[in-house]
Amino acid sequence: MYDFTYDKPGSLADAVKLLSDDMDAKALAGGQTFIPVLKQRLNRPSRVVDLAKLGLSGITVSGDKVTIGAMTTHATIASSAEIKAKIPGLQHQASLIGDEAVRHRGTMGGSLANNDPAACYPSAVLALGGTIKTDRRSIPADEFFQGMFTTALEQGEIITSIELPIPEKSAYEKFRNPASRYAIVGVFVAKFPSGVRLAITGAGQGGVFRHTEFEKALSANFSPDAIAGIKTPADGLNSDIHASAEYRAHLVNVVARRAVAKAG
Amino acid sequence: MGFEGIGASVRRREDVRFLSGKGNYTDDINRPGQLYAFIVRADRPHARIDGIDTAEAEKAPGVVRVFTGADMAAENLGGLPCGWQIHNQDGSPMAEPPHPVLAVGKVRHVGDPVAVVIAETRQEAKNAAELIEIRYTDLPAVASLTDAVAAGAPEVHDGVAGNICYDWVIGDKATVDAVFAKADRVVKLELTNNRLIPNAMEPRAAIGDFDTSSGDFTLYTTSQNPHVIRLLMGAFVLHIPENKLRVVAPDVGGGFGSKIYHYAEEAIVTWAAGKVRRPVKWTAERSESFMSDAHGRDHVSTAEMALDKEGHFLGLRITTLANMGAYLSTFAPCVPTYLYATLLAGVYKTPVIYCNVKAVFTNTVPVDAYRGAGRPEATYLLERLVDVIAHDTGIDKVELRRKNFIPADAFPYQTPVALQYDSGDYQTTLKVALANADWNGFEARRAEAKARGKLRGIGISTYLEACGIAPSAVVGSLGARAGLYEVANIRVHPTGSVTVFTGTHSHGQGHETTLAQLVVDQLGVPLSQVEVVHGDTAKIPFGMGTYGSRSLAVGGSAMVKAMDKIIAKGKKIAAHLMEASVQDIEFKDGSFRVAGTDKAKALHEISLAAYVPHNYPIEELEPGLDETAFYDPKNFTFPGGCHIAEVEIDPETGVVEMVNFTAVDDVGRVVNPMIVEGQVQGGVAQGIGQALLESALYDPHGQLLSGSYMDYTMPRANDIPAMSVATENTMCTHNPLGSKGCGEVGAIGSPPAVINAVVDALKDHGVRHLDMPATAPKLWSIIQAAQPRLAAE
């Protein structure tokens with residue numbers, strides 16, 4: 001990696017200031033994507049601001065929502081009895097990210113801020129209709145994800161927590177890239193009294209997206225059969241050496257049905 | 001101490017240090033004043049180098065020197081040599097274009113080394129490398145075999161017409177054609193053997209060290225054969241005599257063949273260390289491994305079998321294109337010839353065989369031996385072809401194999417493709433494997449899977465391989481530029497403990513345990529008093545290293561011979577001490593006894609007498625108990641056996657799950673059954689990787705698409721089923737241990753078993769053959785395409 005200045009501020013305000021004052025500064029959360037990127041010299045930040053000392057980790061459940069601190073690791077989420085009880089799909093999803101080492105360093109906030117088109121969490125947050133809380137505002141999930149590696153975050157804006165409404169049912173199903181174990185297609189389905197929300201990661205060229213046709217059909221009849229006949233066009237889906245757009249389009253249906261079946 | 005000799009599953013002694021992080025690998029070694037090398041590599045597959053400007057890099061912080069190919073050429077250094085010469089069918093030698101250590105004039109594959117920066121730190125070397133300006137003119141490139149041999153294809157090397165390195169044949173075409181002309185039936189199959197990247201856990205590394213007082217060079221390197229590296233690099237590249245060059249291969253974390261070869265980086269750091277008069281270290285980053293370690297496999301073949309009405313094999317006719325990559329790696333030419341075509345009889349009594357192999361240059365990383373080397377390619381071709389014959393003729397695939405097997409009473413058996421098999425019993429390994437796999441119960445399992453919506457298939461492979469490499473005169477006559485004997489020095493110390501100096505090299509196989517067990521067995525010394533030393537040319541005699549499953553069959557045999565000498569000398573000393581005739585001395589369980597008496601001397605008493613020769617037959621016998629033996633095998637060894645794979649395919653996604661794997665191998669005498677089981681498991685895991693997951697992909701223009709673990713699919717633990725591994729052994733008849741070798745059988749026998757199982761699972765989908773790897777999207781497409789036909793039925 002290239003040389004950079006390293007800071008580990010003790011307050012959110014200090015972190016925001018360090019990041020806002022320098023257009024080439026980058027925030028470091030768990031570093032499970034960022035550190036490899038630095039090692040490959042694909043990014044050349046002037047300053048790296050480590051968020052580890054801001055007290056941003058932890059899980060709280062209150063009323064109808066779960067709040068997860070941005071620096072909470074995948075391992076913490078995967079092993080949380082509360083998450084498992086309230087949003088089993090999220091607990092399962094966290095357990096499928098990376099490997100043990102990655103899960104013990106990688107954070108939910110870091111993953112969301114990066115918005116990798118094949119990452120898992122964006123599908124949960126979007127399907128659950130969550131809210132991304134930052135140092136300065138609350139951003140609804142429907143506005144947060146703005147395409148591949150692009151989010152609504154401003155320069156220097158730091159995610160502090162993620163608020164997730166507790167659904168009646170939830171499930172995540174992941175069809176893994178056999179090499180990287182990222183999602184070729186990942187489907188998160190959440191059933192609320194108001195209806196069903198379903199988000200797909202890994203498949204779309206623009207990153208995570210909601211499948212409104214599936215949502216409509218499942219809101220009427222929450223069963224795999226309800227969506228069995230709904231074809232997803234291959235246009236706009238990713239195509240690479242691991243899966244063509246046509247194969248992904250097919251998998252979207254298979255994986256969604258399996259997610260619905262799992263949600264029960 | 002319990003039983004520790006031949007046949008004991010002694011725990012691997014080396015694992016304590018490996019598993020506790022105390023292994024001493026090349027990158028763990030740091031020399032005083034050490035500098036770091038970073039190698040600038042071609043980012044394009046084929047280009048003319050119009051100029052290299054290193055001025056800015058040389059001024060960068062921490063930089064000591066920058067070298068290019070021109071600097072090496074100015075000193076008249078040699079290129080990287082090729083250790084095997086193949087002749088064309090017209091008798092002329094193969095094309096052997098130069099292989100400069102650092103590119104001169106042109107780059108020929110992505111990853112080709114162009115320049116090296118030597119700096120105080122790795123970081124500074126890397127920073128400076130970015131300041132080197134290389135002006136290229138891109139040239140058209142070829143990556144695939146079919147593109148490279150097409151008319152008008154770009155030439156990888158000037159003057160190598162049609163990119164053909166050699167056009168080689170074995171067998172008589174006219175004879176074989178005549179058999180085909182009269183055959184009742186001919187079954188034909190076209191297939192590819194996918195290119196693989198070895199991916200040893202430890203990336204390659206090398207440290208060049210120059211002693212300014214003595215002028216001696218030392219190279220620490222991740223090698224399977226330090227003496228071979230010393231010979232090749234010293235004699236052919238850097239022109240350093242053996243007495244001034246030491247090569248150390250310390251703990252090495254996996255090789256699978258990829259660490260046999262003499263690589264550019266070894267020569268670069270050694271030469272550079274002499275230039276800058278300080279140690280120079282290079283350690284590959286993983287992405288460098290992908291583009292600079294020799295790749296494996298990469299064949300395209302057409303195979304035809306001539307048959308009579310009953311399905312007896314009458315003749316086999318094969319043409320193969322084999323990818324050499326951009327340059328000839330050390331042993332590349334022998335892989336698709338003498339390690340491939342000579343195996344095409346397999347376990348079958350096919351009377352005539354003809355094979356034509358064209359080795360082809362492409363703008364890709366050089367291809368060389370990788371776990372099995374040629375034999376997996378032969379086995380895959382043959383065992384797929386046999387299944388396709390069963391498919392086309394309707395003959396049961398097990399029956400077809402049985403009726404064509406070389407019978408157990410036919411050994412020694414001379415094949416039509418040069419090899420003479422010494423022993424084997426293919427009916428028995430087949431019978432036991434069928435029983436262990438519950439072959440007869442398969443249809444019930446298929447039906448049960450179908451009820452769950454899964455397509456279940458079973459596949460069999462009855463294979464043979466040749467290892468225990470190799471009789472020197474034989475391989476010499478076939479083009480090898482090296483001997484392939486092995487050497488052992490057995491040093492019995494004054495108090496009776498033993499150090500073994502072996503020319504073989506352990507890079508994960510467990511030699512420190514297995515070889516020590518031979519000493520326990522033959523000399524009766526407890527395992528705790530035996531040390532095995534390998535991997536340092538300053539310590540061990542000139543040996544050839546480890547590959548081709550040769551360490552036990554050849555290296556172990558050298559140990560037996562050396563220990564025979566120890567015992568013979570010990571008897572003379574014992575006879576003197578006990579005032580008996582040498583003919584009356586027996587050696588058993590670590591004691592020299594006078595036959596028929598209770599007079600005995602333990603080995604440690606004899607060794608003490610040998611080193612403290614006060615009462616000693618000094619007139620007739622030298623002091624000491626330290627013997628060396630060189631063992632040149634009389635023949636190859638021929639492990640074989642039967643592998644059975646069982647898979648389930650999810651028809652909705654095309655995902656294959658390996659559900660069962662059964663291996664019954666004939667590896668000859670087994671020294672450590674636990675280590676054999678582990679070797680077979682590891683080989684099978686690699687075979688499953690090739691069959692289902694792994695593929696080194698280039699785009700048509702030579703860019704490596706699968707250049708990281710994000711895109712190159714390694715098998716993981718959950719891709720591999722719990723497997724049933726057993727042996728049914730016949731003894732090798734020509735080496736003193738009877739051992740054949742077990743290192744490669746798993747990778748050789750398993751890929752066709754897996755693909756045969758996948759094809760069997762898809763038999764209702766009109767599948768006759770599919771190429772490796774059987775990935776989910778590939779199978780999904782096949783299943784999709786068959787849907788209209790299945791619906792119509």
Side-chain angles (χ1 to χ4, degrees), chain A residues 1-4 32-33 36-42 44 95-96 98-100 102 116-119 173-187 202-203 224 227-228 231 234 237-259 261, chain B residues 38 60-62 121-124 126-130 197 199 285-288 290 453 650-657 688-689 692-699 703-719 773-785 787:
Chain A
M1 57 183 74
Y2 296 107
D3 291 346
F4 51 77
Q32 297 307 288
T33 299
V37 163
L38 291 179
K39 283 175 144 181
Q40 290 175 72
R41 300 188 163 212
L42 297 172
R44 192 171 195 162
S95 77
L96 298 176
D99 57 17
E100 283 289 338
V102 166
D116 187 304
E173 185 74 15
K174 179 178 182 179
F175 189 92
R176 294 177 186 208
N177 177 318
S180 71
R181 302 287 167 116
Y182 276 81
I184 279 186
V185 173
V187 175
I227 56 172
K231 293 238 183 294
L237 299 188
N238 288 319
S239 193
D240 54 37
I241 60 172
H242 302 287
S244 65
E246 292 70 26
Y247 184 54
R248 278 192 168 84
H250 167 78
L251 287 178
V252 162
N253 191 287
V254 175
V255 177
R257 279 188 281 121
R258 290 179 183 181
Chain B
F38 181 80
T121 69
R122 195 170 277 153
Q123 180 79 354
E124 286 169 332
K126 214 168 169 178
N127 289 342
E130 293 183 2
I197 300 176
N199 282 299
E285 298 185 359
R286 184 57 73 173
S287 53
E288 284 185 283
F290 275 91
D650 175 355
E652 274 199 316
T653 61
V655 170
V656 181
E657 187 189 353
I688 291 171
L692 298 181
L693 304 166
E694 297 181 51
S695 191
L697 292 176
Y698 280 90
D699 79 4
Q703 279 292 344
L704 181 60
L705 299 176
S706 52
S708 79
Y709 293 130
M710 294 297 279
D711 289 308
Y712 187 88
T713 311
M714 291 293 285
R716 289 167 164 87
N718 63 347
D719 296 314
T775 61
K778 186 185 284 180
L779 299 190
W780 176 74
S781 296
I782 290 168
I783 292 166
Q784 287 299 110
Q787 289 312 320

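Here is the naming used below: chain letters follow the sequence lines, and residue numbers restart at 1 for every chain. Since we're looking at a predicted model, the values are computed, not measured.
- Atom CZ of A/R41 and atom NZ of B/K126 lie 5.5 Å apart (nearest 0.5 Å).
- Rounded to the nearest 0.5 Å, atoms CD (B/E652) and CZ (A/F175) are 11.0 Å apart.
- For a residue to count as touching a neighbouring chain, one of its non-hydrogen atoms must lie under 4.5 Å from one of that chain's; by this rule B/T775 does not touch chain A.
- No salt bridge links A/R176 with B/D719; every basic N to acidic carboxylate O contact stays at or beyond 4.0 Å.
- Side chain of A/Y2 to main chain of B/N127: no donor-acceptor pair is present (N/O by atom type, distance under 3.5 Å, no hydrogens or angles).
- With a threshold of 4.5 angstrom between heavy atoms, A/D240 does not approach chain B through any atom at all.
- For the pair B/E285/A/K39, no side-chain contact is recorded, criterion being any heavy-atom separation below 4.5 Å from C-beta on.
- Shown are A/L251, A/V185, A/I184; of these, the side-chain contact (heavy atoms from CB on, under 4.5 Å) with B/T653 is made only by A/L251.
- In this structure, no portion of A/R248 lies under 4.5 Å from any heavy atom of chain B.
- Contact of B/D650 with chain A is made through the side chain alone, with heavy-atom distances under 4.5 Å.
- Of the inter-residue distances, the one linking A/Q40 atom CD with B/R286 atom CZ reads 13.5 Å to the nearest 0.5 angstrom.
- Scanning all heavy atoms of the two residues, the minimum distance from A/P178 to B/R716 falls at O-NH1, 3.1 Å.
- Using a 4.5 Å cut-off between heavy atoms, B/L705 contacts chain A through both its backbone and its side chain.
- Heavy atoms of B/K778 lying under 4.5 Å from chain A are absent altogether.
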